[in-house]
There are 2 protein chains.
Amino acid sequence: MQRILSTQLARHAGETVTVAGWVHRRRLLKSVAFLIVRDAAGLTQVVVTEPELRARIEELPEESVVELTGTVTANEAAPAGVELTGAELRVLSAVGVPLPFELHRPALTASMPTQLDHAALALRHPVRAAALRVAAAASAGFRAALEERRFVEIHTPKIVASATESGANVFALDYFGRPAYLAQSPQFYKQLMVGVFERVYEVGPVFRAEPHDTARHLAQYTSLDAELGFIADHRDVMAVLTDVVAVMTATVAERTGVAVPEVPAEIPALHFAEALRIAGAPADEPDLAPAHERALGEWALREHGSEFVFVTGYPMRKRPFYTHPQPSDPAWSNSFDLLFRGLELVTGGQRLHRYEDYRAALAARGETTAAYEGYLDAFRYGMPPHGGFAIGLERFVARLTGVGNVREVTAFPRDLHRVTP
Amino acid sequence: MQRILSTQLARHAGETVTVAGWVHRRRLLKSVAFLIVRDAAGLTQVVVTEPELRARIEELPEESVVELTGTVTANEAAPAGVELTGAELRVLSAVGVPLPFELHRPALTASMPTQLDHAALALRHPVRAAALRVAAAASAGFRAALEERRFVEIHTPKIVASATESGANVFALDYFGRPAYLAQSPQFYKQLMVGVFERVYEVGPVFRAEPHDTARHLAQYTSLDAELGFIADHRDVMAVLTDVVAVMTATVAERTGVAVPEVPAEIPALHFAEALRIAGAPADEPDLAPAHERALGEWALREHGSEFVFVTGYPMRKRPFYTHPQPSDPAWSNSFDLLFRGLELVTGGQRLHRYEDYRAALAARGETTAAYEGYLDAFRYGMPPHGGFAIGLERFVARLTGVGNVREVTAFPRDLHRVTP
């Protein structure tokens with residue numbers, strides 16, 4: 001018999017159906033036993049009164065995989081208004097060892113290291129699984145928004161000959177006997193592909209050999225990258241990003257039911273100099289400290305009713321060499337951060353697009369073009385003004401769901417201490 | 001003035017518009033000059049009669065980035081029925097060096113190494129760009145088909161503690177002073193995630209340290225992976241794959257206009273033993289040689305009018321340890337290959353789902369469970385019967401477009417000799 005999902009049960013009242021899933025919980029009362037079966041869609045309550053079936057269930061640990069064929073019976077007291085009665089049980093896979101932690105409580109009580117050691121089990125907990133569904137919805141929204149705006153999906157190399165963003169924090173690799181590195185971002189490649197498609201995006205892994213053991217750093221994370229050509233300046237990028245974040249949050253809300261913030265049609269934007277003033281920071285600060293970002297988040301909410309705020313014009317000396325300076329004052333840049341609830345969510349900006357400007361920018365930082373030759377080649381052959389942004393998927397999900405540690409919203413996190421499972 | 005695309009020109013006949021793009025070609029005739037401007041959508045013909053503008057264009061090499069504002073004028077002889085006249089030119093980025101090859105001819109004549117050395121330029125050729133649009137459409141179709149069938153997108157680790165598929169062909173990495181490897185496939189992780197979502201998919205890079213310099217091997221390629229639980233056997237996987245390939249080819253046709261083969265609602269399937277007989281191979285051959293696959297492709301076309309054919313039941317000794325044996329004869333397996341025009345396109349099958357079966361399978365191959373402990377852990381905690389498949393995106397595109405070398409359909413290929421640009 002064709003299996004149906006727990007959420008389809010109610011429309012089959014009175015019929016005989018088959019459900020399948022994991023034994024989420026057993027409740028063994030005196031006169032009756034309840035078997036709660038979890039599938040990808042939700043939970044099914046199975047009522048067991050037959051002594052023989054009850055005896056089998058008593059021996060069947062949580063997380064065993066089962067298939068049950070029975071009658072869908074209305075019961076107002078049951079979780080979905082229906083339950084399965086008179087069921088026949090088929091065990092697909094029995095658990096033979098004690099579970100390291102229980103999955104049927106509202107929250108996982110195991111420590112984070114224990115959860116991560118047994119990630120394949122911990123991720124089955126509805127709260128952990130829900131966070132990954134938010135990630136999937138956010139990625140889908142990112143792609144849908146960009147496809148709609150004629151961005152083309154690309155796949156770029158993750159093994160590169162030189163460090164992408166800086167020499168630090170890069171994983172070294174033995175590439176057929178030669179040194180190579182894991183890409184810290186698709187930055188260069190997405191810029192080059194603007195020369196092909198004008199507008200491109202990539203959803204893929206990036207790698208940072210982060211020596212810091214914090215709640216927000218991972219050695220591998222999923223980067224949602226976009227880049228577009230023929231822009232006037234960074235404000236065109238900010239407009240696309242605003243639309244993209246709106247579609248991402250709407251897709252999360254629609255698919256998962258998670259409460260999402262309203263994205264204003266125009267997100268308030270502050271120049272860095274103004275941001276320092278509002279945050280009460282000295283005018284010569286080169287960057288925003290976490291306390292400043294929080295103050296700006298409060299300002300945006302108070303003054304504009306917005307949970308989002310753009311800060312533009314970050315000092316050039318704190319931005320990567322490919323950043324386009326602010327034409328009116330080259331100490332500032334045509335770059336931005338998008339803050340959400342007082343935390344940095346996205347970084348982006350306009351990039352240099354002329355070969356000579358790259359040479360000059362690298363020379364000003366005391367670097368030669370040698371390490372970047374393959375990348376800079378494209379800029380000799382005509383590139384339009386362009387810019388883009390990158391969203392860290394795990395951070396986006398953590399901030400949207402109010403989770404403090406990115407490891408809680410990552411399936412199998414990689415960090416300073418962890419390369420398994 | 002808001003820029004419009006080349007393909008939008010015809011609806012603005014008689015109006016003044018702005019177009020922008022790359023100088024694709026200049027045709028300098030005696031009394032008139034034509035400037036062909038390429039943008040992401042196509043080509044625009046600009047007619048130049050003014051001497052001053054002509055002089056500027058004579059000095060403006062191909063691939064320079066330009067913006068032109070002029071009048072859309074009907075001309076039946078022009079490529080799109082319209083052309084731009086009386087245009088004003090603004091140069092956004094001038095090319096100052098000779099191009100290593102010309103982009104305006106129907107095909108790139110430069111050698112493959114030269115094209116790859118200057119990939120950012122070569123990919124601008126409409127034929128090369130079109131192949132990457134086919135890849136983007138194929139990925140979009142893959143995801144759409146699976147989302148429709150309640151698969152959830154996942155992102156899995158690319159840095160792993162032990163080799164995924166086998167100890168060979170794996171890239172070694174320095175992971176914070178410890179050895180680690182680049183994942184050869186998301187195989188284990190997608191299986192574990194069946195325990196969470198029942199049905200999952202991933203589009204992401206996989207890494208093979210292929211020591212062979214061939215037209216079909218890359219050190220990094222994009223793998224389209226899917227895995228689903230609660231199956232009866234591999235035939236349920238084949239049914240999903242058939243649907244997925246149909247949506248992929250339909251999406252390619254719809255988005256790119258590339259001619260695609262018809263995917264039969266039920267693709268003909270042969271057991272390996274029968275396939276050997278049809279291919280005229282000895283009955284004790286352990287695998288299909290390229291000539292056998294070609295013979296099977298011809299057979300499927302002749303007998304069933306299908307360009308696709310499934311071969312099932314491959315000998316267990318040629319399949320990975322996680323493969324589920326054929327219940328009626330464990331020398332064969334519940335696995336399959338999908339052949340397209342006589343070439344292997346997809347590999348898949350049913351996997352083992354019980355911990356004891358994994359222990360036994362590894363023991364039979366003389367391996368211990370030690371290297372796979374983190375992976376096998378999930379199988380102690382209840383996993384349903386499941387299976388899946390993996391499609392190599394670049395091979396899929398190469399075979400669909402009839403291209404012989406996967407490097408021609410890959411943006412920045414990585415192989416034995418190449419790690420740049």
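Because the structure is predicted, anything quoted here is derived from the model rather than measured.
Only the side chain of B:Leu121 comes within less than 4.5 Å of a heavy atom of chain A; its backbone N, CA, C and O stay farther away. For A:Pro157, the parts lying under 4.5 angstrom from a heavy atom of chain B are both the backbone and the side chain. Only the backbone of A:His417 comes within contact range of chain B, judged by heavy atoms closer than 4.5 Å. When heavy atoms are compared at a cutoff of 4.5 Å, A:Ala209 approaches chain B by way of both its backbone and its side chain. With a 4.5 Å cut-off on non-hydrogen atoms, A:Ile154 does not touch chain B at all. For B:Phe230, the part sitting under 4.5 Å from any heavy atom of chain A is the side chain, from C-beta outward, and nothing else. In this structure, the portion of A:Pro385 lying under 4.5 Å from any heavy atom of chain B is its side chain and not its backbone. Only the side chain of B:Leu5 comes within less than 4.5 Å of a heavy atom in chain A; its backbone stays farther off. Proximity to chain A is absent for every atom of B:Arg199, based on heavy atoms less than 4.5 angstrom apart. The part of A:Glu210 that comes within reach of chain B is its backbone (N, CA, C, O), which places non-hydrogen atoms under 4.5 angstrom from that chain. Contact annotation for A:Asp377: only side-chain heavy atoms (C-beta onward) come within less than 4.5 Å of a heavy atom of chain B. No part of A:Pro179 comes within reach of chain B, as not one of its non-hydrogen atoms sits under 4.5 angstrom from that chain. Neither the backbone nor the side chain of A:Asp357 comes within less than 4.5 Å of any heavy atom in chain B. Residue A:Arg143 touches chain B through its side chain alone, counting heavy-atom pairs closer than 4.5 Å. With a threshold of 4.5 angstrom between heavy atoms, A:Arg418 approaches chain B through N, CA, C or O but not through any side-chain atom. Using a 4.5 Å cut-off between heavy atoms, A:Val200 makes no contact with chain B at all. The contact between A:Asp117 and chain B is made entirely by backbone atoms, counting heavy-atom distances below 4.5 Å. Heavy atoms of A:Leu416 lying under 4.5 Å from chain B belong to its backbone as well as its side chain. Heavy atoms closer than 4.5 Å to chain A are found in the side chain of B:Pro205, but not in its backbone.
Ranked by heavy-atom pairs under 4.5 Å with chain A, the list B:Ala40, B:Ala140, B:Ala120 is led by B:Ala40. Looking only at heavy-atom pairs under 4.5 Å with chain B, the residue among A:Glu356, A:Arg124, A:Glu153 that has the most is A:Arg124. Taking chain B as the reference chain and counting heavy-atom pairs below 4.5 Å, the highest number among A:Gly195, A:Ala129, A:Ala136 is found for A:Gly195. Note on A:Val97, A:Leu132, A:Val23, A:Val196: by heavy-atom pairs under 4.5 Å with chain B, the leading option is A:Val196. In terms of heavy-atom pairs under 4.5 angstrom with chain B, the leader among A:Pro100, A:Pro126, A:Pro61 is A:Pro100.
In B:Arg3, the CZ atom is crowded: over 12 heavy atoms of neighbouring residues, nucleotides or ligands sit closer than 6.0 Å. For CZ of B:Arg90, the number of neighbouring non-hydrogen atoms (other residues, nucleotides, ligands) closer than 6.0 Å is 12 at most. For B:Glu148, the CD atom is loosely surrounded, since the number of other residues' heavy atoms within 6.0 Å does not exceed 12.
Side-chain atoms of A:Thr222 do not come within 3.5 Å of backbone N or O of A:Leu393 as any donor-acceptor pair. B:Thr251 places no side-chain N or O within 3.5 Å of a backbone atom of B:Ala138 that could act as its donor or acceptor partner. A donor-acceptor pair under 3.5 Å is absent between the side-chain atoms of A:Tyr355 and the main chain of A:Gly382, judged by distance alone. With hydrogens and angles disregarded, a donor-acceptor distance shorter than 3.5 Å links the side chain of A:Glu202 to the backbone of A:Thr156. Here the side chain of A:Arg414 pairs no donor or acceptor atom with the backbone of B:Val160 at under 3.5 angstrom.
Taking the six-membered ring for Trp and thresholds of 30 and 60 degrees, A:Tyr201 and A:Phe142 have ring planes more than 60 degrees apart, a perpendicular arrangement. In this structure, A:Tyr372 and A:Phe188 have perpendicular ring planes: the angle between them is above 60°, well past the 30° mark. Using bins of under 30°, 30° to 60° and over 60° for the plane-to-plane angle, the ring pair A:Phe379/A:His386 lands in the parallel bin. Using the six-membered ring where Trp is involved, B:Tyr175 and A:Phe171 have ring planes that are parallel, under 30° apart on the 30 and 60° scheme.
Distance check: A:Leu192 CG to A:Met383 CE gives 6.0 Å after rounding to the nearest 0.5 Å. Separation of atoms CZ (A:Arg351) and CD (A:Gln191) is listed at 5.5 Å; rounding is to 0.5 Å.
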